Protein chains: 2
Amino acid sequence: MSEEEAPRLTRIQQKNRDLILDGALDVFSTHGFRGATIDQIAEASGLSKPNVLYYFASKDDIYRTLLTALLDVWLAPMRGLDPRGEPMAEILTYVRAKLDLSRDYPRESRLFANEVLQGAPHLQPILGGQLRDMVDETVGIIGGWIGEGRLAPVDPHHLIFSIWALTQHYADFEVQVRAVLGEDHDPYAEAELFLNNLYQRMLAV
Amino acid sequence: MSEEEAPRLTRIQQKNRDLILDGALDVFSTHGFRGATIDQIAEASGLSKPNVLYYFASKDDIYRTLLTALLDVWLAPMRGLDPRGEPMAEILTYVRAKLDLSRDYPRESRLFANEVLQGAPHLQPILGGQLRDMVDETVGIIGGWIGEGRLAPVDPHHLIFSIWALTQHYADFEVQVRAVLGEDHDPYAEAELFLNNLYQRMLAV
DNA sequence: AGAATAATTGACCAACCGGTCAGGCTCACG
DNA sequence: CGTGAGCCTGACCGGTTGGTCAATTATTCT
């Protein structure tokens, strides 16, 4: 049984690691792993390049730290789905939670999108492991609801994909959404209404 | 009035430019612009690096050529939408056409996704110009159908976004979709059924 | 055939890349 | 207030990057 060591960070360590991760999130989410440079991360975080590498062993180390921290936040909403709840309300709550993530953490969404888009070289095992297990469980729950006649019969896997696609689209393709809509729109407010309507019509028995 | 010059390519020029663009599509679509290297493109296309730069002035030149060629293919389905057609059938045809693009041209989809994800530095003017105009027109058509009571009342802009998000998701997040579904699935066949069902339920009056 | 033109390449360049390191600075703590 | 651990940096390194160029080879055209 391995003791989890608590690194016990100093005040400065805590502050600078946070600065680096925040700057790195900017850079990685807009350029992808290969397109990002340590110099850019250093500038974005307001530290010198050697100092960045004083707190993280390598570019890869920064990236991996970001990805693992992201995963917890990202998958949390799906864990919140309650099998004993009212099916439609549970689904709509999940959709709402995912849309809120896109609005409040667009950089994280784009980081994840970049990673998957480029073949998920850093987290392919997680996709086919942890994520797949969690999805299978959720598919079971939704399938149960459908079997009980409490939701319209739809493919649960693709229902989940649709929620991911529709909510993350507003973060990942934000420049396109804003360019097409123009100034006088609030994409997320409109999206919330639209998605509520969509899933109610789609899933009502 | 500027005469459009016809470059009159030789047989070898035609073949090698095609080879380069095909290899570059592989590389750019999986690494993004900044993450791609001319060496990779040269290897992917089976030519030497200087020879690649004999046919294209720069890395940027290759990328721009790919993007502009892509745009025509990419926006063609929306042009096919007929205001005089039967609304539901027109929408379902559009969805089907976009899904077919994702299945048959996944690299193009990922190239576009990469570009937009990274802030669309090469085609922002097009997004707010040509694309926005085309969307506005389509929004007008759909809005007309809704006004006539031939489609359920939904926000036309977000209806279009939903079609883009749902269809491109299967190309852009292909590794995730396959990892979650496992081996015994045909994502696109299932998606076609799912999306047909989705939009019929959503848009039926 | 042979001259003109197109195609191809090895060698090279300056700038940039991820990362190292010796040495100086600073700050908490006795 | 001293001292040692923690913090920071300029200078540097080998490898990679986008791109050039002179020289060579292949192709086309008369």
Side-chain angles (χ1 to χ4, degrees), chain A residues 5-68 111 114-115 118-119 121-122, chain B residues 5-67 111 114-115 118 121-122:
Chain A
E5 61 174 273
R8 187 84 71 133
L9 299 180
T10 69
R11 177 180 51 88
I12 295 179
Q13 281 169 349
Q14 187 62 253
K15 186 194 64 174
N16 284 349
R17 283 182 63 97
D18 286 352
L19 282 175
I20 292 168
L21 289 176
D22 190 72
L25 184 54
D26 274 345
V27 177
F28 281 130
S29 67
T30 48
H31 295 298
F33 179 75
R34 287 222 42 198
T37 72
I38 300 182
D39 281 284
Q40 290 175 312
I41 295 171
E43 192 185 342
S45 56
L47 302 177
S48 68
K49 182 169 74 163
N51 207 11
V52 167
L53 288 165
Y54 173 74
Y55 289 102
F56 290 90
S58 65
K59 179 182 167 183
D60 215 84
D61 185 21
I62 306 175
Y63 188 71
R64 250 193 289 271
T65 303
L66 273 179
L67 264 191
T68 48
L111 181 72
N114 256 308
E115 167 70 12
Q118 306 186 359
H122 288 79
Chain B
E5 60 175 273
R8 186 86 70 133
L9 300 180
T10 69
R11 176 180 50 89
I12 296 178
Q13 281 169 348
Q14 187 62 253
K15 184 194 66 176
N16 284 350
R17 283 181 64 96
D18 287 351
L19 281 175
I20 292 168
L21 289 177
D22 189 71
L25 184 54
D26 274 344
V27 177
F28 281 129
S29 66
T30 48
H31 295 298
F33 178 75
R34 288 223 40 199
T37 72
I38 300 182
D39 281 285
Q40 290 175 312
I41 295 171
E43 192 185 342
S45 56
L47 301 177
S48 68
K49 182 168 74 162
N51 208 11
V52 167
L53 289 163
Y54 172 74
Y55 289 102
F56 290 90
S58 65
K59 178 182 168 184
D60 216 84
D61 186 20
I62 306 175
Y63 187 72
R64 251 194 287 271
T65 304
L66 271 179
L67 265 191
L111 181 72
N114 256 309
E115 167 69 11
Q118 305 186 359
H122 289 79

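Bear in mind the structure is a predicted one, so any value in this text is a computation, not a measurement. Below, chains carry the letters A, B, ... as their sequence lines are ordered, and counting in each starts from 1.
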Peer 1: When the nearest nucleotide of DNA chain D is assigned to B:Lys49 and to A:Lys15 on a heavy-atom basis, which residue is associated with the more 5' position?
Peer 2: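 Of the two residues, A:Lys15 wins.
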
Peer 1: If you find the nucleotide of DNA chain D closest to A:Tyr55 and the one closest to A:Arg34, which residue's nucleotide is nearer the 5' end?
Peer 2: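 This one resolves to A:Tyr55.
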
Peer 1: What's B:Phe56 touching, base or sugar-phosphate or nothing? Going by heavy atoms closer than 4.0 Å.
Peer 2: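 Result for B:Phe56 = nothing.
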
Peer 1: Rounded to the nearest Å, what distance is computed from the CD1 atom of residue A:Ile38 to the C1' atom of nucleotide C:dT20?
Peer 2: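 Rounding to the nearest Å, CD1 of A:Ile38 and C1' of C:dT20 are 12 Å apart.
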
Peer 1: What distance do B:Ile41 atom CD1 and B:Lys59 atom NZ have between them, rounded to the nearest 0.5 Å?
Peer 2: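 With rounding to 0.5 Å, CD1 (B:Ile41) is 7.0 Å from NZ (B:Lys59).
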
Peer 1: Report yes if a side-chain nitrogen or oxygen of B:Asn16 is closer than 4.0 Å to either non-bridging phosphate oxygen (OP1 or OP2) of C:dA6; otherwise report no.
Peer 2: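 No, no such contact exists.
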
Peer 1: Quickly work out the B:Ile20 CD1 to D:dG18 P distance and round it to whole Å.
Peer 2: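 In whole Å, D:dG18 P and B:Ile20 CD1 are 14 Å from each other.
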
Peer 1: Is the number of heavy atoms from other residues, nucleotides or ligands under 6.0 Å of A:Gln40 CD greater than 12?
Peer 2: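 Yes, enclosed.
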
Peer 1: A:Thr10 side chain: which of D:dT27, C:dA6, D:dG6 is closest?
Peer 2: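 The nucleotide sitting nearest to the side chain is D:dG6.
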
Peer 1: Could you please name the option among C:dA7, D:dC8, D:dG18 that lies closest to any side-chain atom of B:Asn51?
Peer 2: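 Shortest atom-to-atom distance from the side chain points to C:dA7.
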
Peer 1: Assign B:Leu53 to base, sugar-phosphate, or nothing according to its heavy-atom contacts below 4.0 angstrom with the strands shown.
Peer 2: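 Since a base atom lies under 4.0 Å of B:Leu53, the category is base.
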
Peer 1: Atom CD1 of A:Ile62 to atom C1' of C:dC17: distance rounded to whole Å?
Peer 2: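 To the nearest whole Å, that distance equals 14 Å.
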
Peer 1: A:Gln40 has an atom CD; how far is it from atom C1' of C:dG19, in whole Å?
Peer 2: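 Taking atom C1' of C:dG19 as the reference, CD of A:Gln40 is at 17 Å.
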
Peer 1: Output the single nucleotide from C:dA6, C:dA28, D:dC8 whose closest atom is nearest the side chain of B:Gln13.
Peer 2: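 The closest nucleotide is C:dA6.
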
Peer 1: Measure from the side-chain heavy atoms of A:Pro50 and tell me the nearest of D:dA11, D:dG19, C:dG10.
Peer 2: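 From the listed options, D:dA11 comes nearest.
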
Peer 1: In this structure, how many angstroms lie between the C1' atom of C:dC17 and the CD1 atom of A:Ile41, rounded?
Peer 2: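 Atom-to-atom, A:Ile41 to C:dC17, this comes out as 12 Å.
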
Peer 1: Could you state the OH-P distance from A:Tyr54 to D:dC7, rounded to the nearest angstrom?
Peer 2: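 It works out to 4 Å between those atoms.
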
Peer 1: Looking for any heavy atom pair under 4.0 Å, which part of the strands does B:Ala36 touch: base, sugar-phosphate only, or nothing?
Peer 2: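 Here B:Ala36 touches the backbone only, sparing every base.
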
Peer 1: Side chain of B:Ser58, heavy atoms from C-beta onward: which of D:dG19, C:dA7, C:dT9 has the nearest atom to it?
Peer 2: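 The answer is D:dG19, which lies nearest to the side chain.
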
Peer 1: Just the rounded figure in Å: distance from C1' of D:dG18 to CG of B:Leu47.
Peer 2: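 These atoms are roughly 17 Å apart.
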
Peer 1: Report the relative orientation of the aromatic rings in A:Phe28 and A:Tyr63; use parallel for angles under 30°, tilted for 30 to 60°, perpendicular for over 60°.
Peer 2: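 It falls in the perpendicular class, over 60°.
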
Peer 1: Find the distance A:Arg11:CZ to D:dC8:C1' and express it as a whole number of Å.
Peer 2: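 So the CZ-C1' distance, A:Arg11 to D:dC8, works out to 15 Å.
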
Peer 1: Once hydrogens and angles are ignored, does a donor-acceptor distance under 3.5 Å link the base of D:dG19 to the side chain of B:Lys59?
Peer 2: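 A donor-acceptor contact between them is absent.
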
Peer 1: Kindly determine whether B:His31 and B:Thr37 satisfy side-chain contact (heavy atoms from CB on, under 4.5 Å), including the steps that lead there.
Peer 2: CA-CA 9 Å; B:His31 295 298; B:Thr37 72; over 6 Å; no

Peer 1: How long is the gap from CD1 on A:Ile38 to CG on A:Leu53, to the nearest 0.5 Å?
Peer 2: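 Output value for this atom pair is 4.5 Å.
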
